[in-house]
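Here's the structure, in structure tokens; my notes come after.
All residue numbers refer to positions in the sequence shown, counting from 1.
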Amino acid sequence: MGIVVFRLLLDINYVEIVNNIFNSSGFYNQMTILSYIISWVVLLCFIPCVIKLYDSERIFFSNVVSFLFLKSFVPATSLMAFLSMPLEFFCLFLIYWVIFFSAINFTKPFRILGGISKKDSLFYLYFILVSLLLVIVYVSWKYTGFRLNFSLLNVYELRDEESEWNLPGIFKYLLPIADTILPVLLMYFWNKKNYIIVLAIVLGILLNFSLGGHKSIIFKLFLCILGYYFYTSNKIALFSWFFNIICLFSLLEYRIFGSFFICSFIVRRVLFLPAQINYMYYDFFSIHEKDMFRQSFLRHFGFVSPYDIPIPKIIGANYMNNPETNVNNGLFSDAYYNLGFIGVFIFPIVIMFFIKTLDLGTRGVATRLLILPIIVSASILSGASFMSGLLTNGLLLLLFILFVLPKTNKI
């Protein structure tokens, strides 16, 4: 029921706000009765695949897959109703998701660590924690003089200042990873009542936020705290109602106040835009050479991409008239621009395998510690290329931490 209501609210948001305000950005209303019926048939055919996950004992797995479905698939079906799209794109997109859900039945996770002792687990955790904190402290000392910033009003000034720093490459890699890892470790040590370490992590998070004013750092911290106190394994069905509340508030804001802040920054940007970007990637790479990971890990082995400019900026230049815009996207877009038709068959299996491997690492981890890894994993997989998510956005390190977290049977 929640998924159906979500789709209805998306459709209303699109017709009343997105199409009217953002028509110039390609959000047209080309709906026909046939396209609307087909879009609903497609959605209704997939809903049973998600409903089956509601009673799953694999908490992390079922939540990540459900979140991906709500964030990436449901808005795409709404866009199918209103935008005229090539039949080939429509079919390839559906094939991707059919294989994605089918892969639930035949992919097996891979245990990256087995039989690790509690002593070794704690050693790895402390090593990662100390390494991240030392990086933050060093960067804070060298570039800001241990600045502590508690305001959200000057974040763009801090971000401009940060962009001028010539940070070593390893620091550019570790600082964004700390955004996700530190809140998880914070709640783990809070649960263990190790308040001295908790205090050190809180200070590290504040220093990290004060570097560039990235609001996602504070958001992830609060998300982790809320998850610790309020999230339980039977809350999976509430994801759709969470999106429903956002869509409803978007409509109320527009009808009562005439403004569209919620729609612009959440409904359009988080839900509809990634679905539109899928088509942008298809449209460009259906007539241009596929990259085949040559802008990714293969460049380190001497392979040269046919594109001198980062692919997200190519999409930004061609479809958003801004060559400085990084138009990143994951899942279908990632599969198609790297391997084309073949990628549509291979990538969903790889993604499902990785989600199951992450899930294996969470077995025995207290449920209250999982909300941030769930949201972050789903957001990265849907919003960035898979290889970038693994290396640059920290999914690989998150996977390692989930496996080394000391396990308990308490939920």
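Sorted by first then second residue, the side-chain hydrogen bond (donor to acceptor under 3.5 Å, both in side chains) pairs that include residues 336-345, not counting sequence neighbours, are Asp334-Asn338. Residue pairs meeting the salt bridge (Lys or Arg N to Asp or Glu O under 4.0 Å) criterion with at least one partner in residues 242-260, sequence neighbours excluded, are Glu16-Arg255.
Closest heavy-atom contact between Pro75 and Leu10: CA-CD1, 3.8 Å. In terms of heavy-atom proximity, Val344 sits nearest to Tyr96 at CG1-N, 3.7 Å. Across Asn326 and Pro312, no two heavy atoms sit closer than the pair OD1-CB, 3.8 Å. For Ser210 against Leu206, the heavy-atom pair with the smallest separation is OG-O, 2.8 Å. Nearest heavy atoms, Arg269 versus Pro274: O-CD, 3.3 Å. In plain terms, the two heavy atoms of Ala384 and Asn393 that are nearest each other are CB-ND2, 3.7 Å.
Taking CG from Leu358 and CZ from Phe60, the interatomic distance works out to 4.5 Å, rounded to the nearest 0.5 Å. Atom OG of Ser62 and atom CD of Glu57 lie 10.0 Å apart (nearest 0.5 Å). We find the CZ-CG distance between Phe89 and Leu83 to be 9.5 Å, quoted to the nearest 0.5 Å. Taking CE from Met187 and OH from Tyr228, the interatomic distance works out to 6.0 Å, rounded to the nearest 0.5 Å. One distance of note links CG of Leu271 with SG of Cys247; it measures 6.0 Å at 0.5 Å rounding. Atom CG of Leu207 sits about 7.0 Å away from atom CG of Leu211, to the nearest 0.5 Å.
Ile246 places none of its side-chain heavy atoms less than 4.5 Å from the side chain of Trp241. Side-chain contact between Phe403 and Val365 is absent, with no heavy-atom pair separated by less than 4.5 Å. Counting heavy atoms from C-beta outward, Val304 and Arg294 have side chains that stay 4.5 Å or more apart. At least one side-chain heavy atom of Val42 sits less than 4.5 Å from a side-chain heavy atom of Phe73. No side-chain heavy atom of Leu402 sits less than 4.5 Å from a side-chain heavy atom of Val184. Leu43 places a side-chain heavy atom less than 4.5 Å from the side chain of Phe69. Tyr229 is not listed as a side-chain neighbour of Arg368, based on a closest heavy-atom distance of 4.5 Å or more. Put simply, the side chain of Phe209 reaches to within 4.5 Å of the side chain of Val155, judged on heavy atoms.
Within 6.0 Å of atom CZ in Phe297, more than 12 heavy atoms from other residues, nucleotides or ligands are found, so the atom counts as buried in its surroundings. Around the CD1 atom of Ile309, the shell of radius 6.0 Å holds no more than 12 heavy atoms that belong to other residues, nucleotides or ligands. By the neighbour-count criterion of 12 heavy atoms within 6.0 Å, atom CZ of Phe146 is densely surrounded, having more than that number from other residues, nucleotides or ligands. Within a 6.0 Å radius of CD1 in Ile342, other residues, nucleotides and ligands contribute 12 heavy atoms or fewer. Enclosure of atom CZ in Phe106 by more than 12 non-hydrogen atoms of other residues, nucleotides or ligands within 6.0 angstrom is indicated. Enclosure of atom CD1 in Ile196 is not indicated, since only 12 or fewer non-hydrogen atoms of other residues, nucleotides or ligands lie within 6.0 angstrom. Other residues, nucleotides and ligands contribute only 12 or fewer heavy atoms inside 6.0 Å of the CZ atom of Phe242.
Ring orientation note: the planes of Phe284 and Tyr319 are nearly perpendicular, at an angle over 60° on the 30°/60° scale. Taking the six-membered ring where tryptophan is involved, the planes of Phe127 and Phe123 are essentially parallel, since the angle between them stays under 30° and well short of 60°.
Residues Phe303 and Phe293 keep their aromatic ring centres 6.0 Å or farther apart. Between Phe332 and Tyr279, the distance from one ring center to the other does not fall under 6.0 angstrom. Between Phe272 and Tyr14, the ring center distance clears the sub-6.0 Å criterion.
In this model, a donor atom of one side chain and an acceptor atom of the other lie less than 3.5 Å apart for Thr180 and Lys220. For Tyr307 and Glu289, the side-chain atoms include no donor-acceptor pair closer than 3.5 Å.
Ion pair Arg147/Glu161 flagged as a salt bridge, since at least one NZ, NE, NH1 or NH2 atom sits closer than 4.0 Å to an Asp/Glu carboxylate oxygen. The residues Glu164 and Arg159 are annotated as not salt-bridged, no charged nitrogen and carboxylate oxygen being separated by less than 4.0 angstrom.
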Please walk me through it: do Leu360 and Phe61 pass side-chain contact (heavy atoms from CB on, under 4.5 Å)? CA-CA 9 Å; Leu360 185 61; Phe61 167 78; over 6 Å; no
What's the verdict on ring pair (Phe, Tyr, Trp, His ring centres under 6.0 Å) for Tyr124 and Phe400, showing C-alpha distance, side-chain angles and the deciding distance? CA-CA 9 Å; Tyr124 289 129; Phe400 180 77; 5.3 Å; yes
| query | Checking side-chain contact (heavy atoms from CB on, under 4.5 Å) for the pair Val65/Val50: CA distance, chi angles, key distance, verdict? | reply | CA-CA 8 Å; Val65 173; Val50 179; 5.9 Å; no
Practice prompt. Check the pair Leu122, Val404 against side-chain contact (heavy atoms from CB on, under 4.5 Å), reporting the backbone distance first and the verdict last.
Written response: CA-CA 8 Å; Leu122 290 175; Val404 301; over 6 Å; no
| message | The test is side chain to side chain donor-acceptor pair (under 3.5 Å); show your working for Ser39 and Arg7 and say whether it passes. | response | CA-CA 10 Å; Ser39 71; Arg7 168 60 201 273; 2.8 Å; yes
Margin query: What verdict does the ring pair (Phe, Tyr, Trp, His ring centres under 6.0 Å) test give for Phe100 and Phe347, after you've listed the backbone C-alpha separation in whole Å, the side-chain angles of each residue and the deciding distance to 0.1 Å?
Written below: CA-CA 8 Å; Phe100 180 77; Phe347 263 69; over 10 Å; no
*asked:* Walk me through whether Tyr188 and Leu125 qualify under side-chain contact (heavy atoms from CB on, under 4.5 Å).
replied: CA-CA 10 Å; Tyr188 171 78; Leu125 285 185; 4.0 Å; yes
*Can you list the steps and then say if Phe265 with Phe261 is a ring pair (Phe, Tyr, Trp, His ring centres under 6.0 Å)?*
CA-CA 6 Å; Phe265 286 94; Phe261 179 85; 4.7 Å; yes
Could you give me the CA-CA distance, side-chain angles and deciding distance for Tyr143 and Glu162, then say whether side chain to side chain donor-acceptor pair (under 3.5 Å) is met? CA-CA 9 Å; Tyr143 295 94; Glu162 182 189 37; over 6 Å; no
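Remark: the backbone N or O of Phe6 is paired with a side-chain donor or acceptor of Asn244 at under 3.5 angstrom. Judged by distance alone, with hydrogens and angles left aside, the side-chain atoms of Ser140 form no donor-acceptor pair with the main-chain N or O of Ile136 at under 3.5 Å. A donor-acceptor pair under 3.5 Å is absent between the side-chain atoms of Ser377 and the main chain of Ile374, judged by distance alone. Under the 3.5 Å distance criterion, the side-chain polar atoms of Thr392 are left unmatched by any main-chain donor or acceptor of Gly389.
Judged by the 6.0 Å and 45° rule, Arg268 forms a cation-pi pair with Phe22.
The one candidate from Asn328, Asn321, Asn322 that meets the side chain to side chain donor-acceptor pair (under 3.5 Å) condition with Thr325 is Asn322.
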